[in-house]
Amino acid sequence: MKTRLTRRSVLLSGAAMLGGLSAQRLLAAETNATALPSLAGKTVLVTGSTDGLGRAVALKLAGAGAHVIVHGRNRERGAAVVKEIDALNKGGAMFYAADFASLAAVREFAAAILKDHRQLHLLINNAGIGSADADGGKDREVSADGFERRFAVNYLSGFLLTRLLLPTLIASAPARIVNIASLAQRPIEFDDVMLERDYDGGRAYSQSKLAQILFTQDLAEELKGTRVTANSLHPATYMDTAMVRDAGVTPRSTVEQGADAVVYVATSSDLDGKSGLFFNGKAEMRANAQAYDVQARARLRELSTTLTGV
């Protein structure tokens, strides 16, 4: 079920504090941060934007004037992000709740967006789960649809959401799709995609992230001539997020560094018309070789279409 929060439904009381940084401090956190173009009149969707990297990206885009569709599972956190964005008095925001471990929830989420918004200029597929759960566990789990949970949340949900929103993105062109992937990439084992043998949380995470990149390359080919581009990136290494801490890893980068890289790929005029690229931060690089394997991409596309029904 979705929850929508607008200026009318959230009382403004100044910028709320999340993760130790206010919206204003976050926007000015780094003196070398990417200077964003005006996004006034643009509608953007950032999945997984109630905490961590997604929240930081949402605030930066809203600070440039965008209307941000905020997504997450936690309504209280969603309300807090909307309040922060509204306090900026620039773009505005709406919050929708959806659990990406359920494809039915993703479909309902997409339907609500299409009902409420006639245009969509930027889709950032950021929602995901790491190699470990909040309690540090890395056991194999399945989604509501019976799929390996990390593959479902990190990849299949974004695949389905993008397919459902694609006509609106095309109609709103120029538009961009940005998939938040990782340097952690493991080739997809098509004979055991759901990892029923020798399961490991890190392996599951790395496979799901490479799947995102294969999907990005596929989109880039499909969308030629539409003025909609698709790129992917590794924002920063071991950012100070709950995902990293849950995995027992000491953070090496700040969330602000990662957010700066994301908004660069999402908004920089240097990338106008450029598609099918993978970035490590702001630097273009090659992803795992499987990302450029046409046959592997075709197999993943066929599997994904079968599993999601689109």
Side-chain angles (χ1 to χ4, degrees), residues 30 32-36 46-48 52-54 56-57 60-61 122-128 130-131 150-151 154-155 158-159 162 175-189 202-224 228-241 243-244 247 249-301:
E30 294 183 329
N32 63 343
T34 299
L36 273 69
V46 185
T47 67
L53 177 67
V57 170
K60 285 177 178 287
L61 296 174
L122 172 61
L123 168 61
I124 300 180
N125 286 310
N126 168 72
S131 60
R150 288 174 176 85
F151 188 79
N154 294 352
Y155 167 66
F159 173 88
T162 302
R176 296 187 186 188
I177 300 167
V178 178
N179 290 327
I180 309 302
S182 174
L183 289 180
Q185 301 164 20
R186 179 156 179 164
I188 300 165
E189 298 184 29
R203 175 187 173 201
Y205 176 81
S206 299
Q207 176 181 260
S208 69
K209 287 299 175 180
L210 184 55
Q212 285 184 301
I213 301 172
L214 267 71
F215 176 45
T216 305
Q217 300 306 112
D218 227 25
L219 279 173
E221 289 293 325
E222 176 184 347
L223 294 172
K224 284 182 177 179
V228 179
T229 61
N231 294 300
S232 58
L233 79 153
H234 166 80
T237 299
Y238 295 137
M239 290 174 288
D240 189 6
T241 63
M243 181 184 294
V244 170
V249 176
T250 301
R252 298 181 188 174
S253 306
T254 67
V255 170
E256 290 72 39
Q257 287 172 319
D260 193 39
V262 174
V263 298
Y264 169 76
V265 176
T267 67
S268 175
S269 60
D270 292 342
L271 301 180
D272 285 349
K274 295 183 179 180
S275 196
L277 304 179
F278 176 72
F279 294 84
N280 177 6
K282 298 179 185 178
E284 183 182 347
M285 67 173 289
R286 294 280 291 182
N288 182 282
Q290 195 181 58
Y292 310 101
D293 184 330
V294 175
Q295 292 183 337
R297 296 207 313 257
R299 293 184 71 179
L300 180 62
R301 180 173 63 249

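- Each of Leu223, Leu219, Leu123 was compared with Val228 under the side-chain contact (heavy atoms from CB on, under 4.5 Å) criterion, and only Leu223 meets it.
- Partners of Asn231 under the side-chain hydrogen bond (donor to acceptor under 3.5 Å, both in side chains) rule, at least two apart in sequence or in another chain, do not exist in this structure.
- Among residue pairs with one or both ends in residues 284-296, none qualify as salt bridge (Lys or Arg N to Asp or Glu O under 4.0 Å); sequence neighbours excluded.
- Side-chain contact check for Leu300 versus Asp218: every heavy-atom pair is 4.5 Å or farther apart.
- Remark: side-chain polar atoms of Ser275 are paired, donor with acceptor, to backbone N or O of Ala230 under 3.5 angstrom.
- Between the side chain of Arg150 and the backbone N or O of Gly130 there is at least one donor-acceptor pair closer than 3.5 Å.
- The shortest non-hydrogen separation linking Gln212 to Asn125 is NE2-O, 4.0 Å.
- Side-chain contact between Met285 and His234 is absent, with no heavy-atom pair separated by less than 4.5 Å.
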Requested in this report: Go through the steps for Arg203 and Glu189 under the test salt bridge (charged side-chain N to carboxylate O under 4.0 Å, His left out), then give the verdict.
Outcome: CA-CA 11 Å; Arg203 175 187 173 201; Glu189 298 184 29; 3.0 Å; yes
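- Side-chain contact between Thr267 and Leu61 is present, with heavy atoms from C-beta onward closer than 4.5 Å.
- When every heavy atom of Pro235 is checked against every heavy atom of Ala261, the shortest pair comes out as O-CB, 3.6 Å.
- Residues Asp272 and Arg176 have side chains in contact (heavy-atom distance under 4.5 Å, counting atoms from C-beta outward).
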Query - Residue pair Thr216, Phe278: steps toward the side-chain contact (heavy atoms from CB on, under 4.5 Å) verdict - result: CA-CA 9 Å; Thr216 305; Phe278 176 72; over 6 Å; no
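- Contact record, Tyr205 with Ala184: CE2-CB, 4.1 Å, taken as the closest heavy-atom pair.
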